[in-house]
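One-based numbering along the sequence shown. Start at 1 and go down the list; that is how both ligands and their atoms are numbered.
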Amino acid sequence: MRLDVLTIFPEYLEPLRHALLGKAIEQKILSIGVHDLRQWATDRHKSVDDTPMGGGPGMVMKPEVWGPALDDAAAGAGPVAETLDLTTASPHLSAPRHDDLAGVDTQTYETGDEDRSKPLLLVPTPAGKPFTQADAQAWSTEEHIVFACGRYEGIDQRVVDDAANRYRVREVSIGDYVLIGGEVAVLVIAEAVVRLVPGVLGNQSSHQEDSFSDGLLEGPSYTKPRSWRGLDVPEVLTSGNHALIDRWRRDQSLLRTRAVRPELLDAVELSAADRRALEQG
Ligand code: 6GU
């Protein structure tokens with residue numbers, strides 16, 4: 001998988017090279033290019049924004065800068081070519097999936113009638129569609145994802161409209177709050193997507209049990225010691241009875257989901273045992 005990020009704050013994306021994602025880069029499962037948008041600025045002040053047409057506060061990012069930047073990112077040309085790692089194979093595309101999302105809401109932005117040979121352009125914006133685990137799942141099989149980080153009041157809309165000629169374009173939000181720019185959203189989305197690429201996460205089965213993967217939140221976890229500061233690990237977890245432990249974990253998931261995110265329960269198919277747990281809990 002290849003990720004390119006266009007931003008006026010490249011240093012903000014430094015964490016992409018660390019920890020889990022850094023390991024994926026070393027293993028050649030992933031390559032990342034972070035590009036300073038000002039490389040495509042044309043005036044001597046390297047300006048990337050201008051006042052909004054129609055008036056109003058703030059600044060809007062200029063189409064004459066973004067257009068050529070996105071052209072180069074799609075083609076791996078111009079300044080983008082300098083950080084291109086052409087050795088990027090894509091073993092993740094042929095590897096078997098290990099994380100079927102049984103029971104999860106599978107609604108994504110993929111309409112199926114689009115040209116999958118075009119790269120995916122993700123534009124983080126609080127005005128976008130909410131990013132979900134199902135999107136992370138869908139995008140974990142992409143060959144090439146380009147992120148366009150807007151600042152200020154956003155990017156001239158014609159940039160997004162025109163990019164649809166070379167990309168499959170998605171405007172996405174990571175939640176109902178406002179950030180200064182898209183950089184932190186890129187870190188969030190990239191981490192959620194890349195950890196689902198086979199070979200990146202150490203324990204392959206661990207995201208079958210993730211919150212959201214079955215439409216429920218995960219219940220509490222415990223490790224040793226059995227007793228700590230007068231608090232005991234729930235006895236069932238020391239019983240060695242795995243059917244009983246699985247049932248207990250499912251019950252904890254159901255109860256936590258109802259307490260914290262009751263709306264998620266509406267999309268989950270409940271067994272008779274599930275209903276009993278909710279009635280008694
Ligand atoms: Cl993706 N970008 C910005 N700037 N703010 C946000 C967001 C994205 N998602 C929620 N707030």
Side-chain angles (χ1 to χ4, degrees), residues 1-17 20-21 30 32-38 40-41 47-54 56-63 65-67 69-70 73-74 105 107-111 119-140 142 144-164 167-196 210-212 217 260-261 263-264:
M1 176 181 283
R2 168 74 183 183
L3 303 181
D4 284 293
V5 186
L6 295 163
T7 170
I8 56 169
F9 296 111
E11 65 280 9
Y12 238 92
L13 283 305
E14 203 47 42
L16 283 179
R17 306 197 180 283
L20 202 77
L21 273 63
L30 179 69
I32 300 182
V34 178
H35 315 284
D36 187 343
L37 185 69
R38 287 188 205 281
W40 287 272
S47 62
V48 294
D49 59 344
D50 206 341
T51 55
M53 291 279 271
M59 298 291 268
V60 179
M61 297 187 98
K62 292 158 66 72
V65 177
W66 271 110
L70 290 175
D105 180 3
Q107 171 251 321
T108 69
Y109 309 137
E110 309 313 319
T111 56
L120 185 66
L121 176 64
L122 300 183
V123 185
T125 163
K129 282 196 190 176
F131 172 65
T132 66
Q133 186 67 20
D135 297 319
Q137 197 69 51
W139 297 342
S140 69
E142 290 288 337
H144 186 196
I145 304 177
V146 176
F147 294 92
C149 294
R151 283 258 150 178
Y152 317 120
E153 310 312 305
I155 304 171
D156 187 301
Q157 190 62 40
R158 292 168 296 178
V159 171
V160 177
D161 298 345
D162 172 69
Y167 290 96
R168 287 166 292 137
V169 184
R170 308 287 182 267
E171 293 178 275
V172 285
S173 166
I174 61 161
D176 292 341
Y177 39 78
V178 178
L179 305 171
I180 300 167
E183 284 78 8
V184 170
V186 169
L187 294 177
V188 168
I189 295 168
E191 183 163 317
V193 169
V194 172
R195 69 184 281 280
L196 296 178
D210 286 343
S211 289
F212 302 112
L217 304 183
V260 178
R261 298 286 306 278
E263 78 282 7
L264 293 180

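- Under 4.0 Å from ligand 1, not a single heavy atom of D176 appears.
- Counting protein heavy atoms only, atom 2 (N) of ligand 1 is closest to P126 CD, 3.6 Å.
- Near G181, the atoms of ligand 1 lying under 4.0 angstrom from a non-hydrogen atom of the residue are 3 (C), 4 (N).
- Closest protein heavy atom to atom 5 (N) of ligand 1: L179 N, 3.1 Å.
- Shortest contact from atom 11 (N) of ligand 1 to any protein heavy atom: Y177 O, 2.5 Å.
- Nearest heavy atom pair, residue A148 against residue W66, reads CB-CZ3, 3.5 Å.
- Of the heavy atoms in S173, both backbone and side-chain atoms come closer than 4.0 Å to ligand 1.
- Closest approach of R195 to Q133, counting heavy atoms only: NH1-NE2, 4.3 Å.
- For ligand 1, the atoms sitting less than 4.0 Å from at least one non-hydrogen atom of P124 are 1 (Cl), 2 (N), numbered in the order shown with element in parentheses.
- For V178, no nitrogen or oxygen atom sits less than 3.5 Å from a nitrogen or oxygen atom of ligand 1, counting backbone and side chain alike.
- Residues P63 and V159 approach most closely at CA-CG2, 3.5 Å, considering heavy atoms.
- Summarising the contacts of atom 10 (C) of ligand 1 with G154, G175, P130, the nearest heavy atom is found in G175.
- Here the closest non-hydrogen pair linking V146 and A73 is CG1-CB, 4.0 Å.
- Heavy-atom minimum distance, L187 versus Y12: CD1-O, 3.8 Å.
- Within 6.0 Å of atom CZ in R158, 12 or fewer heavy atoms from other residues, nucleotides or ligands are found, so the atom counts as exposed in its surroundings.
- T7 and E183 share a side-chain donor-acceptor pair at under 3.5 Å.
- Which parts of ligand 1 touch I174 is read off a 4.0 Å heavy-atom cut-off, strictly below it: atoms 1 (Cl), 9 (N), 10 (C).
- Below 4.0 Å from some heavy atom of V172 lie the following atoms of ligand 1, by number and element: 1 (Cl).
- A heavy-atom distance below 4.5 Å is found between the side chains of R38 and I8.
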